[in-house]
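All of these numbers come straight from a predicted model, not from anything done at the bench. All chains are named by letter (A, B, ...) in the order of the sequence lines, taking the proteins before the strands, and each is independently numbered beginning at 1. FYI, side chains are in, hydrogens and waters are out, and symmetry mates aren't considered; it's all heavy atoms of this structure.
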There are 2 protein chains.
Amino acid sequence: MSVRREAILEVLTSGPGHLSAQEIHRAAQERLPRIGIATVYRALKFLCACGKAAEFIPADGVARYEPAGSRAHHDHLICNSCGSFIEAVEPEIEKLQIRLAARHGFKPSSHKLEIYGICSRCSGK
Amino acid sequence: MSVRREAILEVLTSGPGHLSAQEIHRAAQERLPRIGIATVYRALKFLCACGKAAEFIPADGVARYEPAGSRAHHDHLICNSCGSFIEAVEPEIEKLQIRLAARHGFKPSSHKLEIYGICSRCSGK
DNA sequence: TGGCATATGATAACGATTATCATTATCCCA
DNA sequence: TGGGATAATGATAATCGTTATCATATGCCA
């Protein structure tokens, strides 16, 4: 783990989560002003490969990153109004996914559940 | 509905489904050799807007399109080996998603469930 | 200290998608 | 039916996120 990769992991764990590569780059530049965007992408790929970070790609097609490893799997509630991401877990859904996959002779390795809608903050306004 | 948009909808309904814009472009060119890629993108956006097609974006970030309207919602099992898409439904999951959203004060409007793994054809080999 | 593998930054390249703009087809009403 | 407004189209440039390239810098071990 180089200094930059440590810094990028630190950005992931200390930040609000669900950051894009560009946002991570900007945040990292506050500590390491000369860090390049390519290094950020390389670091993110590295961190995902060794299980310290996780990538997911929502409906806008832009990859987001979050710290992983010590964190449990979770799904995302994504607000169409303010763009915020809420993490949520429903263990029953996890079980049903396995059953659904099995019914089709499919061996699941990972899954992604995203629910789009309006968050409580936006609907309250 | 112009001639090209009809043709593109026809490609969607007659094809194997889950096609990318480029694949749709190639298929449409068999009937309309002079059709441009921009027209394909415009037609797809139009068809999605009027509910005749649906777009979804899997983990590779490349949008896929399928006919919609008369078709029920379904989730996707995506094979990491051969890239095939299997459509599947689990009504219980649909209900649980609503419950999960409600628990967070979230008003769901749509959702996306993708399960990645190995399909029966690939694991059988 | 020397040497080699790895990491880095700048930047070019790439692929998907969108915007632009001139041209063409389509529609609608007189 | 004609003609003009409107929408659709095709070619292509632009954009954006991401990856590849390559020369340089850094770290590490002998």
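Residues Tyr116(A) and His111(B) keep their aromatic ring centres 6.0 Å or farther apart.
Distances shorter than 4.0 Å separate none of the side-chain N or O atoms of Tyr41(B) from OP1 or OP2 on dT18(C). Between Ser2(B) and the phosphate of dA8(D), there is no side-chain N or O to OP1/OP2 separation shorter than 4.0 Å. Taking only side-chain nitrogens and oxygens, Thr39(B) never comes nearer than 4.0 Å to OP1 or OP2 of dA8(D).
Distance Leu44(B) CG to dT18(C) C1': 13 Å, rounded to the nearest Å. For the pair Glu6(B) CD and dT26(C) P, the interatomic distance rounds to 13 Å; values are reported in whole Å. Across the protein-nucleic acid pair, Arg31(A) atom CZ and dT8(C) atom P stand 15 Å apart, rounded to whole Å. Atom CD1 in Ile37(B) sits about 15 Å away from atom C1' in dA19(C), given to the nearest Å. Rounded to whole angstrom, the span from the CG atom of Asp60(A) across to the C1' atom of dA16(C) amounts to 14 Å. As a whole-Å value, the separation of Arg64(A) CZ from dG17(D) C1' is 11 Å. One atom, CZ of Phe46(A), and another, C1' of dT6(C), lie 11 Å apart when rounded to the nearest Å. Computed from coordinates, the His25(A) NE2 to dA10(C) P distance equals 8 Å when rounded to whole Å.
Within the 4.5 Å cutoff, the side chain of Met1(B) has heavy atoms near those of the Leu9(B) side chain.
Counting distance only, with no hydrogens placed and no angle test, the side-chain atoms of Arg42(A) and the base atoms of dG9(C) include a donor-acceptor pair under 3.5 Å.
Within the model, atoms SG of Cys82(B) and CD1 of Ile118(B) stand 8.0 Å from one another, a figure rounded to the nearest 0.5 Å.
Within 4.0 Å (heavy atoms only), Ala63(A) reaches sugar-phosphate atoms of the nucleic acid but no base atom.
A salt bridge does not link Glu23(B) to Arg64(B): none of the charged side-chain nitrogens sits closer than 4.0 Å to a carboxylate oxygen.
When each of Met1(B) and Glu55(B) is assigned the nucleotide of DNA chain C bearing its nearest heavy atom, the one mapping closer to the 5' terminus is Glu55(B). Residue Arg4(A) is the one, among Ser20(B) and Arg4(A), whose nearest nucleotide of DNA chain C lies closer to the 5' end (criterion: closest heavy atom).
Distance from the side chain of Ala38(B) is smallest for dA11(D) among the nucleotides dA7(C), dA11(D), dT18(D). Between dA11(D), dA16(C), dT18(D), one nucleotide has an atom nearer to the side chain of Gln22(B) than all others, and that is dA16(C).
Atom NZ of Lys112(A) has more than 12 heavy atoms from other residues, nucleotides or ligands within 6.0 Å.
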